[in-house]
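Working notes for the structure below.
Throughout, protein chains are lettered first and strands after them, A, B, ... in sequence-line order, and every chain is numbered starting at 1. The structure presented is a predicted model; accordingly, all values stated were derived computationally and were not measured.
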Amino acid sequence: MIKRDPNCTRCPLHQSAQYVCLLPPDLHQHDVFIVGEAPGKREDDSGVPFVGVTGQLLREALKELRIRGVMSNAVLCRPPENRTPKKREINACRFWMAQQLEHVKPKYVLCLGNVAMQSLLNMTGIKKQRGRVIERDGVIYFCTYHPAFISRDESYRPVWMNDLKRFKEIIDNQGAKEDTDINPIIVNDMKSYGHMIDDLSKGGVVSYDIETNGLYPWKGRITTLGFGTRTAQYIIPWDHPESVWRRLHPGGLDTVAWSLRRTVRECYIVAQNGKFDCLWMKVKHNVHWRTDFDTLLAHHILNENSLHDLEYLAQFYYGVPAYDIDLEIKQGKQGIAALAKYQALDLKYTRMLKFTLAAELAKDPAVNRVFKHLVMPCSDLFMEAEYYGLYIDFSKYNEAKDYLNYRVIKCRRALNKWIPKDWTPNVRKPKKKGFNWGSPKQVGRLLFDHMGIDVVEETAKGAASTSESVLKRIDHELVGDLLKLRGANQQLSFFIDGWKPFFVGRYLHPAFKIHGTTTGRLSAEHPNPQQVPRDPRIRQLISAPPGWELIEADLSQAEMRIAAELSKDPMLVYAFLHDVDVHWLTMIKEISRNASWSDQVIATASAHAGRRVTYSEGIDVLLKIGPDAAIDIDAEHDLTFPVDGAMLGWKELRKRAKAVNFGYLYGMFWKKFIIYARDKYGIKLQPRQARDSWEGYFDLYKGLPKWHQRQRTFARMNGYVASKIGRKRRLPEAMLDYDTPGRAEAWRQAINAPVQSLASDLNLMIALQLRREYDTDVMRICATVHDSILMRVVRPRVVEISERILEISGCPELLNVFQCQFTVPMEAEVKIGPWGRGVSLEKWKASHEKAVKD
DNA sequence: TACTCTAGCGCG
DNA sequence: AAAGCGCGCTAGAGTA
């Protein structure tokens with residue numbers, strides 16, 4: 001019998017726990033040992049383990065599945081404030097875990113959650129590891145989520161139950177059942193090649209998958225190529241020491257790839273993230289293969305909240321054991337045979353998933369339509385975008401580098417005088433010698449400890465914040481230089497040094513994730529073109545090679561237009577129908593409501609009218625002439641005024657209104673608006689002012705609160721919302737009966753998602769249509785940034801294509817497929833030239849014609 | 001030495 | 001009563 005130690009002091013938890021060292025009283029020998037995290041409040045109060053709500057949830061699930069065993073926790077004292085135990089505490093409590101294992105002598109151990117997994121297996125990342133079967137010292141460990149996670153997010157319950165069911169099977173079968181129903185055929189001679197071609201030519205569903213030794217096709221090798229049919233999985237050793245194809249074919253792998261091309265074209269190709277595999281074939285062998293059905297993308301549109309990796313999907317749908325292998329084997333370092341089995345499983349499950357997911361999609365025709373007509377075509381579109389890449393202007397790149405380096409040196413010099421002699425910030429493991437201005441921790445020590453400045457705000461983890469917003473509120477000479485240094489350093493490390501590893505000649509080839517967000521927007525990486533600063537100094541680095549022009553097609557105010565369309569708010573709809581700039585409208589209405597900024601209104605309007613006007617006349621004039629004219633007058637007459645402590649002209653005011661629009665549109669409260677106005681524009685608003693602006697906004701756009709309510713109610717009743725074309729955002733937490741932060745968040749997402757999603761989908765429709773209408777020798781789409789498209793176009797076609805972009809943007813053909821019509825007009829604008837420095841079509845025409853004449 | 005996490009900040 | 005949404009990348013610092 002283990003003796004509990006009520007005076008255990010192995011970790012600090014004994015100080016806060018009521019019941020120290022909560023060992024289960026009935027611990028005895030059993031084949032099955034179930035290990036949770038730590039006692040909760042109920043347990044700590046009563047001294048009895050597993051009596052709380054989560055304990056109940058676990059007991060019920062185990063009972064339902066007839067899993068019997070003894071239960072305990074990885075950590076035996078309750079951590080304060082329901083936090084999870086820290087690594088130190090888990091390690092300290094291993095002493096007890098070892099004793100318990102010794103005592104129970106289990107054959108099967110169920111690890112519930114990260115903490116148990118860490119304690120028992122010294123592994124982290126339950127989301128990645130869950131479902132994994134691990135054998136150690138003759139004991140089989142199985143990992144899944146902690147029941148507390150399930151009670152927090154109900155959508156994971158089926159996955160969890162499935163895991164537990166598998167655990168039960170493992171117990172019943174005395175181990176995990178390996179999937180042996182595969183038929184891997186290594187294709188490394190002409191005979192098996194011929195056999196494979198025959199099988200592929202039957203015209204059925206064929207899964208396709210390659211293994212590579214890297215993620216970047218320009219800097220790696222394809223080790224194997226694989227095809228899966230109903231009866232077999234063919235694995236072709238490709239750019240691999242064991243491959244025979246270079247020897248058998250004088251033209252090498254290119255020839256094999258090209259001869260495979262015809263067969264592949266006739267197949268219905270299924271792949272998991274086929275964009276990746278097709279890109280590699282395009283880069284390595286210039287063959288253009290298309291994916292007909294992508295299991296990753298299908299699963300993403302069916303459940304945008306989930307993970308989508310193949311192993312996870314196979315486990316989720318077919319309950320197979322984990323089969324992932326070491327990277328070394330995948331990269332072909334240990335011979336083909338080890339790899340073949342793994343790849344055969346990949347091919348088998350990919351093919352199976354096609355049928356499973358297609359059946360799921362068929363149950364939801366609207367979602368299926370989005371998948372078929374929008375998402376799947378994007379796979380090929382973005383494969384090409386990645387292939388063509390972004391052209392970098394290296395002379396500008398070097399200029400920017402020199403400029404930024406110079407700024408860094410200047411700022412550092414100015415800052416260094418503030419470092420006291422013989423003083424070091426007390427940091428345990430500093431990265432660099434001496435004082436580091438790039439370290440928030442060290443800067444914090446200097447400002448708040450040494451200089452004695454009051455801490456303004458704390459970070460989430462309780463450290464003294466040195467964020468931009470905080471620094472701006474500190475009245476000290478150094479903040480200006482520090483902010484400049486941060487900016488310059490960030491640009492250097494992101495775009496100058498950060499891009500270096502990704503250059504392929506003069507091009508960058510970012511990767512797009514069509515499944516990158518929950519709303520249907522894309523994300524991008526390596527590097528991410530969606531976060532290039534608007535600062536033209538950086539943005540212009542992205543340009544076009546000689547003979548081509550970069551064109552940016554931007555949907556103007558896409559999200560506001562869609563919000564108008566969906567809410568049917570009369571004021572917003574009117575504005576868009578009559579070409580009134582809504583950000584401007586919001587701003588003018590706001591200032592006229594307060595009768596504020598009268599000097600500015602009267603001055604600008606008078607300058608425009610050529611006579612002295614009254615305030616209310618001025619408001620009408622401004623509303624009519626719009627932001628561009630007002631900004632011009634500003635510039636001409638130098639009419640910026642100090643407003644609430646900041647210097648603002650019409651340009652800044654409109655920008656501020658834009659933030660107001662998006663903030664309030666998506667459910668921002670006036671309290672946050674005060675913070676926002678302060679941090680972003682240095683404007684000090686009184687609560688009264690902020691509240692007035694909030695109320696005034698929804699008074700102006702009366703349709704918005706009603707629409708918000710409709711969205712919330714729908715989400716609450718149905719657990720999801722859908723966009724106008726049928727893309728769904730599943731929000732299970734929106735259905736909760738009690739007000740929780742999670743539900744409030746889900747409700748806000750119910751408002752935002754259909755707007756963000758449709759704007760992005762519209763942008764994709766335009767990109768797809770452009771791709772269909774123009775061949776890649778005249779136009780190459782190289783990136784999208786949420787509601788804009790970047791492409792390069794051969795010079796002679798610039799005018800024609802620009803005009804066509806504007807036409808398409810007003811009404812992309814794909815909208816018909818979704819029977820989707822708008823009352824609010826959609827509009828785009830094109831900019832021609834280096835990114836961030838592009839000019840309108842008119843200006844380009846003028847300068848180009850002049851250049852031709854010269 | 002390599003990995004993970006946080007803070008901070010860029011974008012729409 | 002309380003209330004923007006969606007991302008990726010970097011350096012620093014802590015951890016194994």
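Between A:F673 and A:Y676, the angle of the ring planes stays under 30°, which puts this pair in the parallel group of the 30/60° scheme. Below 30°, between 30° and 60°, or above 60°: for A:F512 and A:F382 the angle between ring planes is between 30° and 60°, a tilted geometry. Ring geometry, A:Y666 versus A:F662: the interplanar angle falls under 30°, so the pair is classed parallel (tilted spans 30 to 60°).
What separates CG of A:L522 from P of B:dC11 is a distance of 20 Å, to the nearest Å. Remark: P of C:dC9 and CG of A:L492 are 18 Å apart, rounded to the nearest angstrom. Atom OH of A:Y697 is separated from atom P of C:dG4 by 14 Å (rounded to the nearest Å). A:R691 places its CZ atom 14 Å from the C1' atom of C:dA1, with the value rounded to the nearest Å. With rounding to whole Å, A:L485 atom CG is found 14 Å from B:dG8 atom C1'. Atom CH2 in A:W694 sits about 13 Å away from atom P in C:dA2, given to the nearest Å. Between the CD atom of A:Q531 and the C1' atom of C:dG8 there is a distance of 5 Å, rounded to whole Å. Protein atom CZ of A:F662 is 13 Å distant from nucleotide atom C1' of C:dG6, rounded to whole Å.
A close approach under 4.0 Å does not occur between any side-chain nitrogen or oxygen of A:R445 and OP1 or OP2 of C:dG12. Here A:S523 reaches the OP1 or OP2 of C:dG8: one of its side-chain N or O atoms lies under 4.0 Å away. A sub-4.0 Å separation between OP1 or OP2 of C:dG4 and a side-chain N or O of A:K672 is present. Distances shorter than 4.0 Å separate some side-chain N or O of A:R486 from OP1 or OP2 on B:dC9. Between A:S465 and B:dG8 there is a side-chain polar atom (N or O) within less than 4.0 angstrom of OP1 or OP2. One finds no side-chain N or O of A:T518 lying less than 4.0 angstrom from the OP1 or OP2 phosphate oxygen of C:dC5. In this model, the phosphate group of B:dG10 is not approached by any side-chain N or O of A:Q491 to a distance below 4.0 Å at OP1 or OP2. For C:dG6, neither phosphate oxygen OP1 nor OP2 lies less than 4.0 angstrom from any side-chain nitrogen or oxygen of A:N752. The side chain of A:S439 contributes an N or O atom lying less than 4.0 Å from OP1 or OP2 of C:dA13. The side chain of A:R534 places an N or O atom within less than 4.0 Å of a non-bridging phosphate oxygen (OP1 or OP2) of B:dG12. Proximity of A:K441 to the phosphate of C:dG14: a side-chain N or O atom is located under 4.0 Å from OP1 or OP2. Phosphate contact (OP1/OP2 of C:dC5, side-chain N/O of A:R748, threshold under 4.0 Å): present.
Note on A:V532: only backbone sugar-phosphate atoms sit closer than 4.0 angstrom, heavy atoms only; bases stay farther off. Using a 4.0 Å heavy-atom cutoff across all strands shown, A:R539 reaches sugar-phosphate atoms only and no base atom. Using a 4.0 Å heavy-atom cutoff across all strands shown, A:H708 reaches no nucleic acid atom at all. In this structure, A:Q756 reaches the bases: a heavy-atom distance under 4.0 Å links it to at least one base atom across the strands shown. Within 4.0 Å of A:A524, counting heavy atoms only, lie sugar-phosphate atoms of the nucleic acid but no base atom.
At a cut-off of 3.5 angstrom, counting only N and O atoms as typed in the model, there is no donor on one side facing an acceptor on the other between the side-chain of A:Q530 and the base of B:dG12. For A:R521 against B:dG12, a side-chain-to-base donor-acceptor contact under 3.5 Å is present.
With a cut-off of 3.5 Å on both pairing distances, the Watson-Crick or G-U wobble partner of C:dT15 is B:dA2. C:dG4 is unpaired under the criterion used here, namely a Watson-Crick or G-U wobble arrangement in which both key atom distances are under 3.5 Å.
Checked against the 6.0 Å centroid criterion, the rings of A:F503 and A:Y397 qualify as a close aromatic pair. Taking the six-membered ring for Trp and the full ring otherwise, A:F669 and A:Y664 have centroids separated by 6.0 Å or more.
A 4.5 Å side-chain heavy-atom check between A:Y216 and A:P501 finds every atom pair outside the cut-off.
Distance from the side chain of A:D739 is smallest for C:dA1 among the nucleotides C:dT10, C:dA1, B:dC11. Closest approach to the A:Q442 side chain among C:dA13, C:dG8, B:dC9 is made by C:dA13 (side chain taken as heavy atoms from C-beta onward). The side chain of A:K513 lies closest to C:dG8, out of C:dG8, B:dA7, B:dC9. The side chain of A:E468 has B:dC9 as its nearest neighbour among C:dA13, B:dC9, B:dG12.
At most 12 heavy atoms of other shown residues, nucleotides or ligands fall within 6.0 angstrom of atom CG in A:L215.
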